[in-house]
Amino acid sequence: MISYLGEQLHLQRAKTSDVQTGMANTKRTVESLQSHNDALEAEKKASKITASRQDKKILALGEHIKEQEVALLDLKKSNNHLQQKQWMADKKHKNECIEMCELLGARSCFIGPEKVK
């Protein structure tokens, strides 16, 4: 009976040792997974901060584009106005030249590359 109990005690100690080894392995696995999870959480937080910054940059660039579009429209209007003024000035100058030629009694005058008759 004592030898039987000794064997049982030895078996129980072996099982206890196996369970303790398994628990230690599980604890290391849990610690490793927790560490990996913490790293992923930190990466997620950093990604959110980066995304937020990028969103702000996108909004700022969108506003800048709108401002540039308004400026471009203003420049186009200004350019059209200046071209119209220049066309009117050229037309006035041409009419003045024609009038001077008529006053001088010339049969033909050259105005730039054109010949006025």
Side-chain angles (χ1 to χ4, degrees):
M1 179 65 122
I2 291 180
S3 69
Y4 172 75
L5 289 175
E7 287 178 26
Q8 289 300 316
L9 181 61
H10 180 67
L11 287 174
Q12 289 302 319
R13 285 182 179 166
K15 286 181 182 179
T16 301
S17 176
D18 289 344
V19 168
Q20 287 175 340
T21 302
M23 286 176 56
N25 288 338
T26 301
K27 184 178 178 182
R28 282 192 296 274
T29 301
V30 167
E31 289 171 351
S32 173
L33 290 173
Q34 185 63 44
S35 175
H36 183 66
N37 186 50
D38 291 345
L40 290 175
E41 287 294 327
E43 187 177 328
K44 178 182 171 185
K45 188 175 180 180
S47 293
K48 283 185 178 182
I49 291 170
T50 301
S52 175
R53 287 179 183 160
Q54 293 298 325
D55 287 344
K56 288 178 184 177
K57 284 182 183 178
I58 288 169
L59 290 174
L61 288 172
E63 288 297 318
H64 184 68
I65 288 171
K66 287 178 184 177
E67 291 169 2
Q68 293 298 315
E69 288 173 345
V70 169
L72 177 63
L73 288 175
D74 289 343
L75 285 173
K76 284 182 177 181
K77 287 178 185 177
S78 178
N79 187 41
N80 286 340
H81 178 72
L82 290 173
Q83 284 179 340
Q84 186 176 12
K85 281 179 78 175
Q86 183 63 44
W87 180 82
M88 296 286 281
D90 289 347
K91 184 177 177 182
K92 182 180 176 185
H93 178 71
K94 183 178 177 182
N95 287 338
E96 287 173 352
C97 288
I98 291 171
E99 194 175 308
M100 289 178 96
C101 285
E102 289 174 354
L103 287 174
L104 293 172
R107 292 186 171 211
S108 65
C109 290
F110 285 97
I111 302 172
E114 301 176 12
K115 184 176 183 180
V116 178
K117 291 185 181 184

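The residues of the chain are indexed from 1 along the displayed sequence.
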Handout entry: Worked check of side chain to side chain contact (heavy atoms under 4.5 Å, CB included) between Val70 and Lys66
Key = CA-CA 6 Å; Val70 169; Lys66 287 178 184 177; 5.7 Å; no
Problem - Heavy-atom check, side chain of Gln86 versus side chain of Gln83, under 4.5 Å - result: no
Please tabulate, one pair per line, all N/O donor-acceptor pairs under 3.5 Å involving side-chain atoms of residues 7-36, not counting sequence neighbours.
| from | atom 1 | to | atom 2 | distance (Å) |
| --- | --- | --- | --- | --- |
| Thr16 | OG1 | Gln12 | O | 2.8 |
| Thr21 | OG1 | Ser17 | O | 2.9 |
| Asn25 | OD1 | Arg28 | NH2 | 2.1 |
| Asn25 | ND2 | Thr21 | O | 3.4 |
| Thr26 | OG1 | Gly22 | O | 2.8 |
| Thr29 | OG1 | Asn25 | O | 2.9 |
| Gln34 | NE2 | Asp38 | OD1 | 3.0 |

Practice task
Output the distance between atom OG (Ser52) and atom NZ (Lys48), rounded to the nearest 0.5 Å.
Solution key: 11.0 Å
Fill in the blank from the handout: In this structure, CG of Leu75 is separated from CD of Gln68 (nearest 0.5 Å) by 9.5 Å
Problem - Backbone of Asp74 reached by a side-chain donor or acceptor of Ser78 within 3.5 Å - result: no
Practice task
Could you grab the distance from atom CG of Leu72 to atom CG of Asn79, nearest 0.5 Å is fine?
Solution key: 10.5 Å
Handout entry: Donor on one side chain, acceptor on other, Asn95 and Glu99, under 3.5 Å
Key = no
Exercise for the section: Could you check if a side-chain atom of Leu59 sits within less than 4.5 angstrom of a side-chain atom of Glu63, using non-hydrogen atoms only? Expected result: no
